[in-house]
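Structure record follows, encoded as structure tokens.
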Amino acid sequence: MPEIRTRFAPSPTGYLHVGGARTALFNYLYARAKKGKFILRIEDTDQVRSTEASYHQVLDSLRWLGYEWDEGPEVGGAHGPYRQSERLHLYKEHADRLINEKKAYPCFCSTEELDRKKKQREAMGLPYVYDGKCRSLSETEVSEKKAQGLEHTIRFRSSAKEILVDDMVQGSVRFDTALIGDFIIVKSDGFASYNYAVVIDDHLMDITHVIRGVGHLSNTPRQIMVYDAFGWKPPQWAHVSEIVGSDHKKLSKRHGATPITAFRDLGYTARTFNNYMALLGWSSPEGHEYMALEELKSQFDVARCSKSPSMFDVFDLEKAADVDLAQVTIAELEKYLFPKSKLNWLSNQHIRNTSETQYIEEILPFVHSVGVVPEAETNVQNERLVSILLSLRVYLDTLGQIKEYLPDFYAPFAPRAEDFRDSEYFQSENFVSLAEAFLRQIGQMTQGEKLTHDAVKTGIQAVGKEINIKGKPLFMGLRLATTGRLTGLELPVYLELLGRERVVERVTKMVALKKEA
RNA sequence: GUCCCCUUCGUCUAGAGGUUAGGACUCGGGAUUUUCAUUCCCGCAACAGGGGUUCGAUUCCCCUAGGGGACGCCA
């Protein structure tokens, strides 16, 4: 059996979003699952819209996601070059061959003329098909027109027949080529058009499986005609369902066509994203949902892909009305995410299940950007930072959320009386005696002794005995007195991480606040 | 308009001609946690509608409705 070769062929006309990334993922996974090769090809024949910046963005995104390509730009390979703009000679050669064999012909019809005819057909309620005006131009007519300097395109000469697309996902789908007509394979600027270039490239690159969005299904008969004209064998087709936004429409700027890098910047890991995207339209035969890339690489099969579209449902569109989610800042974008999405749940699972070292390594850049931890302490050697980060990880849906928690441990403590006006524990008459008793307990500890988990526990018990309260009032009162908050980590852990000095400072400030009030 | 595709809990999905239609996220309730969270248990919630075929259809066929996609010198 020949080696399986898949490819991802983005056009560098924008950034990579979830739709494109998922197509890349499927191609990558299929190649890996079948021990084949994954090829990256850049389709930059649209001279107007392709940009170098976009090219770099796309590669950057692909690298972040971890889809190392076996052949492609910046890696090379035996089937290069891998940018269509560098393969022009190949398209030319093959187009000449088709013209010589009378399977293609030059067309001098102007855009205006074509537009007019198209509108006429539309007005009659008919699908637009090229009328074949230039189909039987004689050679002398052709050279005359060329001599006049008229621009021309090259059209493929199609014949009416039925074409059966045998698709691994869609099944057998029939198309009538009479509805397609003679389509353009070379544009007047001399560049190959998509439906033609893709065939030349896929054939020359020995692509065995074309996995792409179902939007391409109706292009497939055109491509099959080109394969037939050359006498080549078409690849296996696999047209996977499109990903739609919460509005049930194809991902658009407003509805989730957010650059994949935005999710990276928010603090979702590539592991999370790959796992989540794999679940959009595919399911593991074992029914697993939480999966590492390794499992995906061995289990994925395009044959298990669903035909129905899946919704990328992570944004609250009610909130995001009139907002272009592809343009807003990361901080802004975060506000429009559903906090309880499956994506967040998966992300949390991945954060808490990775190794401690990997987690620390990955979160450090985010810690850095919060800006409250002193530069000198922002490293893996800092025990306090590391303990804090490890205690907090169960709470994080994204690495970026660390910014919610860090200031509590590092920023100056400045409680304000109005924040506690409605707190029953702060208003309680026991509050001061409770706080002071705890302060005395800490004071009894020898100089320099660390406020450990256990020391806090025994301290709390002693306070309870002394003041003669127990239960919730004891704990909540002390929590408020020592942290200025009613929620957070388990109290002993919390105080240990805060450290003796900070705890003393907090209790002192809280007591002062209470006495003032 | 023409052609193609789709429709299982709110969402991601499993499923097979006979199942109490399963799981996950969310949501609700409870237990544990002397807080929130975590964890655990329980629960709510779906086969778009109508016709066939069949002993039996959510599963196969047809129609309707709704949705999506394609119909470019874009890819």
Side-chain angles (χ1 to χ4, degrees), chain A residues 9-14 43-46 48-50 84 107 109-111 114-115 118 121-129 151-155 165 167 169-171 173-176 178-181 183-195 197-198 212-221 239 241-242 244 246-250 276 279-290 304 306-314 338-346 348 352 392 394-395 425 460 464 470-476 478-480 485-491 494:
Chain A
S11 56
T13 53
E43 310 221 321
D44 54 355
T45 52
D46 185 340
V48 182
R49 296 194 306 149
S50 298
Q84 289 190 327
C107 169
C109 296
S110 69
T111 317
L114 261 16
D115 279 350
K118 190 183 297 180
R121 299 271 304 183
E122 264 169 21
M124 290 189 289
L126 297 167
Y128 172 70
V129 181
E151 283 196 334
H152 72 280
T153 58
I154 311 253
R155 282 185 188 271
V165 178
D167 194 281
V169 178
Q170 303 291 325
V173 189
R174 277 169 206 288
F175 290 94
D176 182 356
L179 265 18
I180 294 171
F183 55 95
I184 291 173
I185 60 174
V186 178
K187 300 181 265 185
S188 58
D189 65 1
F191 273 53
S193 72
Y194 171 75
N195 282 302
V198 81
R212 72 231 303 193
V214 72
H216 288 284
L217 183 62
S218 44
N219 283 143
T220 309
H239 289 92
S241 66
E242 224 80 61
V244 298
S246 309
D247 59 350
H248 291 277
K249 289 203 169 62
K250 195 173 161 181
Y276 184 79
L279 259 18
L280 253 27
W282 176 81
S283 60
S284 115
E286 276 100 6
H288 293 176
E289 306 227 314
Y290 171 82
R304 270 188 74 83
S306 153
K307 279 171 137 186
S308 49
S310 357
M311 193 185 289
F312 182 55
D313 196 21
V314 303
F338 282 120
K340 300 295 230 170
S341 66
K342 192 162 185 173
L343 172 64
N344 277 6
W345 172 80
L346 252 187
N348 175 266
R352 56 164 73 193
L392 251 21
V394 211
Y395 292 80
Y425 301 109
I460 293 174
K470 54 183 176 177
K472 213 164 169 175
L474 202 217
F475 264 73
M476 291 309 277
L478 278 179
R479 177 178 281 278
L480 191 64
R485 291 160 162 260
L486 289 170
T487 60
L489 299 174
E490 195 189 334
L491 196 54
Y494 199 170

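The sequence lines fix the lettering, A, B, ..., with proteins before strands; numbering per chain opens at 1. Values in this document were obtained by computation on a predicted structure and should not be read as measured data.
- Side-chain atoms of Lys342(A) come within donor-acceptor range of the base of rC12(B), with a qualifying N/O pair under 3.5 Å.
- If you take CZ on Phe312(A) and OG on Ser341(A), they are separated by 8.5 Å, rounding to the nearest 0.5 Å.
- Remark: C1' of rU2(B) and CD1 of Ile180(A) are 12 Å apart, rounded to the nearest angstrom.
- Residues Arg212(A) and Thr220(A) have side chains in contact (heavy-atom distance under 4.5 Å, counting atoms from C-beta outward).
- In this structure rC36(B) sits in no base pair that meets the Watson-Crick or G-U test at under 3.5 Å.
- For the atom pair CG (Asn195(A)) and CD1 (Ile184(A)), the distance works out to 11.0 Å, reported to the nearest 0.5 Å.
- Using a 4.0 Å heavy-atom distance criterion, Gly281(A) is classed as a sugar-phosphate-only contact.
- For the P atoms, the distance linking rG10(B) with rA70(B) amounts to 28 Å, nearest Å.
- Using a 4.0 Å heavy-atom cutoff across all strands shown, Arg485(A) reaches no nucleic acid atom at all.
- Between Phe175(A) atom CZ and Leu217(A) atom CG the span is 4.0 Å, to the nearest 0.5 Å.
- Within the model, atoms CG of Leu346(A) and CG of Leu279(A) stand 6.5 Å from one another, a figure rounded to the nearest 0.5 Å.
- Across all strands, Lys472(A) comes closer than 4.0 Å to base atoms (heavy-atom distances).
- In this structure, Thr153(A) reaches the bases: a heavy-atom distance under 4.0 Å links it to at least one base atom across the strands shown.
- Nucleotides rG28(B) and rC71(B) have their P atoms positioned 45 Å apart, rounded to a whole Å.
- Using a 4.0 Å heavy-atom distance criterion, His239(A) is classed as making no nucleic acid contact.
- Residue Thr45(A) places at least one side-chain N or O under 4.0 Å from the OP1 or OP2 atom of rA75(B).
- rA70(B) is paired with rU2(B) under the Watson-Crick or G-U wobble criterion, all donor-acceptor distances under 3.5 Å.
- rC9(B) atom C1' lies 14 Å from atom CE of Met311(A), rounded to whole Å.
- At a threshold of 4.0 angstrom between heavy atoms, the contacts of Ser283(A) are confined to the sugar-phosphate backbone, with no base atom among them.
- At rC71(B), none of the side-chain N or O atoms of Lys118(A) fall inside 4.0 Å of OP1 or OP2 (strictly under the cut-off).
- Among the protein residues, Asn219(A) comes within range of the nucleic acid bases, having at least one heavy atom under 4.0 Å from a base atom.
- The side chain of Ser218(A) places no N or O atom within less than 4.0 Å of a non-bridging phosphate oxygen (OP1 or OP2) of rC5(B).
- Between Arg121(A) and the phosphate of rG72(B), there is no side-chain N or O to OP1/OP2 separation shorter than 4.0 Å.
- With rA70(B), rA75(B), rU39(B) as the candidates, the nucleotide lying closest to the side chain of Asn195(A) is rA75(B).
- One can place CZ of Phe175(A) at 9 Å from C1' of rC5(B), the figure rounded to the nearest angstrom.
- Nucleic acid contact class of Leu489(A) (heavy atoms, under 4.0 Å, all strands): base.
- Comparing rC36(B) with rC42(B), their C1' atoms are spaced 22 Å from each other, to the whole Å.
- Note on Gly287(A): nothing from the nucleic acid sits closer than 4.0 angstrom, heavy atoms only.
- Counting non-hydrogen atoms under 4.0 angstrom, Ser241(A) reaches nothing in the nucleic acid.
- To the nearest angstrom, P of rU38(B) lies 13 Å from CH2 of Trp345(A).
- Glu151(A) comes within 4.0 angstrom of no nucleic acid atom, judged by non-hydrogen atoms across all strands.
- Ranking rU11(B), rU38(B), rC73(B) by closeness to the Leu114(A) side chain, first place goes to rC73(B).
- Taking atom C1' in both rG22(B) and rU8(B), one finds a spacing of 11 Å when rounded to whole Å.
- Each of rU35(B), rC12(B), rC6(B) was ranked by its minimum atom distance to the side chain of Leu279(A); first place goes to rC12(B).
- Distance OH (Tyr425(A)) to C1' (rU35(B)): 8 Å, rounded to an integer number of Å.
- Nearest-nucleotide mapping onto RNA chain B: of Arg479(A) and Val394(A), the residue sitting toward the 5' end is Arg479(A).
- Note: CG (Leu179(A)) to P (rC4(B)) measures 9 Å, nearest angstrom.
- One interatomic measurement links the two molecules: CD1 of Ile184(A) to C1' of rC73(B), which rounds to 4 Å at whole-angstrom precision.
- Within the nucleic acid shown, Glu289(A) comes within 4.0 Å of at least one base atom, counting heavy atoms only.
- Note on Arg212(A): nothing from the nucleic acid sits closer than 4.0 angstrom, heavy atoms only.
- Among the atoms of the strands shown, base atoms are found under 4.0 Å from some heavy atom of Arg49(A).
- The His248(A) side chain lies nearest to rG67(B) when the options are rA70(B), rG67(B), rA75(B).
- Of the candidate nucleotides rC12(B), rC73(B), rC6(B), rC12(B) has the atom lying nearest to any side-chain atom of Ser310(A).
- RNA chain B is contacted by both Tyr395(A) and Lys340(A); Lys340(A) maps to the nucleotide lying nearer its 5′ end (nearest heavy atom per residue).
- With hydrogens and angles ignored, a donor-acceptor pair under 3.5 angstrom links the side chain of Ser188(A) to the base of rC73(B).
- When each of rU13(B), rU34(B), rU35(B) is scored by its nearest atom to the side-chain atoms of Phe475(A), the top-ranked nucleotide is rU34(B).
- Between Lys307(A) and rC6(B), a side-chain N or O to OP1/OP2 separation shorter than 4.0 Å is present.
- What separates NZ of Lys249(A) from C1' of rU7(B) is a distance of 16 Å, to the nearest Å.
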